[in-house]
Amino acid sequence: MKIATWNVNSIRARLPNVMAWLAEAKPDILLMQEIKCETDAFPAMDFKAAGYETHALGQKSYNGVAIASLHPIEAVHEGLPGDAKDEQARYVEVTIKGVRVASIYAPNGNPVGTEKYDYKLAWLARLKKHAAALLRDEKPVVLGGDYNVIPEPIDVHDPAAWEGDALYLPQTRAALRDILNLGYADIFRALHPHRKNAYTFWDYQGGAWPRDNGIRIDHFLLSPEAVDRVAGCTIDRAPRGEDKASDHTPVILELRA
DNA sequence: ATGGTTGTTGGACAA
């Protein structure tokens with residue numbers, strides 16, 4: 001089973017790119033982030049025509065997550081538990097063929113020193129708590145998405161340029177490690193421990209893409225039962241080079257049946 | 001130091 005995650009940076013602006021990629025890559029499941037539209041505006045019919053059923057959790061203008069699947073979507077949970085007042089659409093979780101799968105869009109957190117960074121750390125702490133609860137079932141769990149965290153220096157082309165940024169602060173990286181230390185694997189890095197230039201995001205500005213000035217911030221975190229089934233994890237750079245590209249590119253996880 | 005880009009939206013804000 002092929003599961004992909006892609007921050008599409010507006011599903012309506014990106015629909016041609018996403019449909020073309022689905023037709024070519026044929027993932028069983030696509031996790032999307034930053035759909036940037038309300039739930040009702042999600043182009044579900046376009047996905048249905050391509051054979052995918054969808055579940056979207058949208059929000060006007062910002063954020064928003066969705067899941068598309070060739071197989072039936074069950075047991076939907078909208079929103080990250082732990083703060084009833086949080087109205088930002090950043091988490092949707094489903095079960096597909098017995099696998100618990102979540103599409104995650106963690107807060108960016110910039111500028112540091114504002115309530116935005118506090119919200120980011122609080123959100124990641126909530127994710128940790130929920131991720132711990134999910135482990136208790138001892139079933140395959142796949143938490144995929146844009147974590148807005150650069151885990152290690154190997155994951156950034158120009159570390160000095162990111163010093164002090166909300167994506168790379170020691171406290172941010174520690175918040176991701178807190179989740180990994182529960183028993184989750186950052187499966188791309190686990191499979192490719194020394195691979196450099198394995199980026200998933202290149203800024204629109206400053207010629208970041210042609211210079212390969214990227215960062216790895218889109219991750220698949222897997223429970224031990226999911227790790228048992230891993231056949232591979234790759235980054236498909238091609239979509240970032242297309243016309244009207246998202247600033248992120250897909251990460252693909254392959255699980256054995 | 002500044003401005004460089006894209007999307008949503010119709011002036012900033014977010015990334």
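A, B, ... follow the sequence lines: proteins, then strands. Residue 1 opens every chain.
With distances taken from any side-chain atom of A:Arg90 to the nucleotides B:dA15, B:dT6, B:dG7, the minimum falls on B:dA15. Set against B:dA15, B:dT8, B:dG7, the side chain of A:Glu34 has B:dA15 as its closest nucleotide. Side-chain proximity of A:Tyr105 to the nucleotides B:dA15, B:dT6, B:dT8 is greatest for B:dA15.
If you check the side chains of A:Thr172 and A:Tyr117, you find a donor sitting under 3.5 Å from an acceptor. Checked by atom type, the side-chain pair A:His71/A:Asp28 shows a donor-acceptor distance below 3.5 Å.
Rounded to a whole Å, the CG atom of A:Asn7 is 12 Å from the P atom of B:dG7. Atom CG of A:Asn110 is separated from atom C1' of B:dC13 by 14 Å (rounded to the nearest Å). Between A:Asn9 atom CG and B:dA15 atom P there is a gap of 11 Å when expressed in whole angstrom units. A:Glu115 places its CD atom 13 Å from the C1' atom of B:dA14, with the value rounded to the nearest Å. One interatomic measurement links the two molecules: CD of A:Gln88 to C1' of B:dA14, which rounds to 11 Å at whole-angstrom precision. Protein atom CG of A:Asn148 is 8 Å distant from nucleotide atom C1' of B:dA15, rounded to whole Å. As rounded to whole Å, 9 Å separates atom P of B:dT6 from atom CD of A:Gln205. Taking atom CG on A:Asn108 and atom P on B:dT6, their separation rounds to 18 Å, with Å as the unit.
Separating the P atom of B:dT6 from that of B:dT2 is a span of 23 Å, rounded to the nearest Å. A gap of 22 Å separates the P atoms of B:dG3 and B:dG7, to the nearest Å. Distance check on atom P: B:dA12 versus B:dA1 gives 26 Å, rounded to whole Å.
Closest-nucleotide positions on DNA chain B for A:Gly109 and A:Arg14 were compared, and the one nearer the 5' end corresponds to A:Arg14. Each of A:Ala13 and A:Phe201 lies near DNA chain B, and the nucleotide nearest A:Ala13 is the one positioned closer to the 5' end.
At B:dC13, none of the side-chain N or O atoms of A:Lys116 fall inside 4.0 Å of OP1 or OP2 (strictly under the cut-off).
Shortest non-hydrogen contact noted between A:Lys120 and A:Ala166 is NZ-O, 3.0 Å.
Ion pair A:Arg240/A:Asp247 not flagged as a salt bridge, since none of the NZ, NE, NH1 or NH2 atoms sits closer than 4.0 Å to an Asp/Glu carboxylate oxygen.
Note that the CH2 atom of A:Trp6 and the CH2 atom of A:Trp21 stand 7.0 Å from one another [nearest 0.5 Å].
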